[in-house]
Structure formats: C-alpha cells, structure tokens
Amino acid sequence: MSVLASDDFNRANENPLSNSGKWTHNLGGTNNFELVSNAVVMGNDTNDQTAWWNAVTWPNDQWSQCALSDAANYSADDGPGVAIRKSTVTNDLNFYRAVVTQNNNQITLAKMVGGSYTQIWVRSISFVVGAPVYLEVQGTSLVVNYNGAAVGASTTDSSLSSGAAGLAYSAEGIGSTISLDNWQGGDISAPATPAPPARYRATRRFRRIKVR
Amino acid sequence: MVRSIYEMPVVRDTVKGYQRTRPKYDSILAGFNRTTWTYGDEPHCLVGVQDITPAADSSLTSNADVFKAPDNLDTVVGTVNTRNQLRTRLEQDEFPGTWIQVTTTYREIARIIGACCQFAQRYMSLLLGPWFSGTVHVSSNFSSLTAQQQQGFKTTATSFGFDQTIIQPANTIRDILKNMADQYIAAGLPLDLDGPI
C-alpha cells in the first residue's frame, strides 16, 4: 500500500478547495468544499458533494483517508467523509463513500450508481475528534477503518470498478458544519491493512463556520 | 455474533434529488448493523443483519414478501415441498431457482443469489434499468432482452473475465444468470455480507 496523493490543507484560504487545480468538485454551484484556516469546510449545507484529486492516475484498487474534527448534527447517512472510485466525469454520480455522523456515532458506507443512491451499511463507532476515516476497495471488497481500526467485516459490492479517490459530503440541509484535515489517497499493492492514523491537531484547527 | 440473512423487496424514493434504494422493511432494521446487496436495478435485495432481536425478526418474517435463510446456512433444503416453495419463491423474485434440489444447502442458495446480485450490480453500473418487466422474466429466453441489454450482459461478463459460451439467444436468462453466478463463485470472488457466506 502506498500514498499516491496527499493534502495537509496548510495554506491560504481557497474557495473552492483547489490546491492549484488538483481538486475537482463534482457538482458546480455553491456547495463546494472550501479551505478555511488550514482545514476543509463545506460552504453550503444544501447538496451532496464529492471532490477528487485529479493530479494522479488512480489505480482501480485504491484508498482514501481524511481526519475529521467536526461532523456534528447530522442524521444517519449524512455527514463528511471520503470517496473512492469516483467517476472523473464532472456531474457523473458514480462513487463509493463513507461518511461519519458524529452525534449518532455512526459511519455509513454507501454507493451512488448512475445517480441512484443505496446505503450499503451503517455501523457504530465512537467519534473521536481528529480521528481518520479510511475507505478502501480492492477488487470488489470494501473496507472501512475508523481511528485506525476496522469498522466491521469487509463488504462485497461489484457496482463500480474504477474511478478516483477524494472527499465526500452528504448534506443534512440544516446548516451543519464539518472540518476535515490531512487527506491522503493511495493504491493497494499488498493485502489490505489499516492506514496509520493521521491524528488531528484539534486545538489549532477545530473550527465551525457560519452557513450562508 | 449471529448474522441473519433476509431476501426482501426494495423501495425507491427521491431524496435530495437522487433516487434512493433501500430494503422495504428498513425501518424495522434501524439500529441493527446491517449490510444490503442490491440486485442491480431489480426490486429485490439481500440483507445481512447482525444480532437481530427475536421481535424484529418476527416483524420481518411476518411479511409474506420476506424470506429468511436459516441461521445455520449449512442446513439442507430437506424436502420436496420446501424445495418447490424455494424454487417458486426465487423465480417469482426473478432469481434462478429451478436448480435447487432437496440436498442443496441454504449456503449454496445464498451464494448463488449473492453472486447474481454482484453480476446485476456491475451490469447496473454499465446500463441502468431492470431486466425484468412486462413479459420478460427469468424464465424468458435471452433474446427477450433488448439488443442493448444483451450487449450489457456480455460487457458485464467480460468485465468479470467470465466465459460467455452460455450467452446465446435461445438460452433462458435463468440459465445464463446461474452460469454467471457459478463462474463468480468458481473464480473465488468474495461474497461478504456482514461476514462471508
């Protein structure tokens, strides 16, 4: 397993999140990921969003990981997280995502196939500020880790076979807030193992935003 | 932990502008760790549930459109009557069913259904829309599908690396799906639904 891309988000604010054009947002409009005070926030909690790292060629077997410091006030199915096998066609709704719901202490693994959404599973976690959520796919096996530990058994899904890794957001629509940091994505050239935790420096980066 | 497997219909609605697909009795399953395998764009799914309570299990199985596999998947079908009920049930839900024998285990049945789900999922990512509608059923000849759907089958088989000798117009969709499922299993591809089946 190796890291193909990473972003620590430590730079000047960006709206939308860009890193010199390396991030592509799937849906246009106002609900873009933004970079504020060295962390990623969501500008407008109205619609779902994904963003993928476009500066590498992604292998089919891939992983995506990001630290979460704030995923509060979401219902099950909603919240921030990571995406894999995201179609690199803009506005094309094909991806797997794992999103974290802080107040419910849950992770939801879901897929979007041709714009049709299906929740694959919901599992319990204990939310820890700054802990990373990790999603990988190898062949047809999906694995989710949270805070360095596997969240249940692997799951088979054969829908999507290729795409890019990046960030995911499932909107609540009530002005909920998120804070993401230290994203990494990579390939899987060896049997799946949990990624090392990229612990979050909460005291420096924890931040809420006002919803416009 | 005990994993229970149910086959049931899905329901679809629109949320945030998207079509959402979920098990028909998802409200009963809320609060349990569960995994869903959709059958592509067909209106059925397999659900694996961890440590479901007897009350919730009863709520599910009291519905005529829910089928539960025995918790011990290595149980054999056992009787001709049960075999016939299973065949009828699966074929009503457009899964291959006529292959089931009295000596077949529920694990074998769950694996074939699961592999059919995997094949249908891959097909759906290539070509949206159900196979079965109107007069087209799992018992219909492959030629009953549109030319686009037939090509979608072949493209799906290619994506898995499956032999396509069986994919002929005069063969039934049932026989082709069963063959695809057999090849999925023979290839050692995973079937993890809250644990392997």
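All of these numbers come straight from a predicted model, not from anything done at the bench.
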For A:Phe95, is the NZ or CZ atom of A:Arg85 found under 6.0 angstrom from the centre of its six-membered ring and inside 45 degrees of the ring axis?
no

If you tally heavy-atom pairs under 4.5 Å against chain B, which of A:Ser159, A:Ala153, A:Ala110 wins?
A:Ser159

Between A:Ile120, A:Thr140, A:Val113, A:Thr118, who has the most heavy-atom pairs with chain B when the cutoff is under 4.5 Å?
A:Ile120

Where on A:Asp48 is there a heavy atom nearer than 4.5 Å to chain B: the side chain, the backbone, both, or neither?
both

Chain A: which of B:Thr35, B:Leu193, B:Thr36 shares the most heavy-atom pairs with it under 4.5 Å?
B:Thr35

Engaged part of B:Leu189 at the chain A interface, taking heavy atoms whose separation is under 4.5 Å
neither

The test is salt bridge (Lys or Arg N to Asp or Glu O under 4.0 Å); show your working for B:Arg89 and B:Asp65 and say whether it passes.
CA-CA 9 Å; B:Arg89 171 56 195 262; B:Asp65 52 3; over 6 Å; no

Taking A:Gly139, A:Gly115, A:Gly152 one by one, which has the highest count of heavy-atom pairs under 4.5 Å against chain B?
A:Gly115

Which atoms of B:Phe119 are under 4.5 Å from chain A, going by heavy atoms: the side chain, the backbone, both sets, or neither?
neither

Regarding B:Arg3 and B:Asp51, does a basic nitrogen lie under 4.0 Å from an acidic carboxylate oxygen?
no

One thing to verify: whether B:Asp13 and B:Arg20 come together as a salt bridge, which I'm taking to mean a side-chain N less than 4.0 angstrom from a carboxylate O.
yes

Verify whether one side chain among B:Gln19 and A:Ser116 offers a donor that lies under 3.5 Å from an acceptor in the other.
yes

Is it the case that the side chains of B:Asp175 and B:Thr172 hold a donor-acceptor pair, with the cut-off being a distance below 3.5 Å and no angle test?
yes

From CA spacing to verdict: side chain to side chain donor-acceptor pair (under 3.5 Å), A:Ser158, B:Arg122
CA-CA 5 Å; A:Ser158 298; B:Arg122 179 66 56 81; 4.7 Å; no

What part of A:Leu93 gets closer than 4.5 Å to chain B, counting heavy atoms only: side chain, backbone, both or neither?
side chain

Under a 4.5 Å heavy-atom cut-off, does chain A meet the side chain of B:Tyr123, its backbone, both or neither?
neither

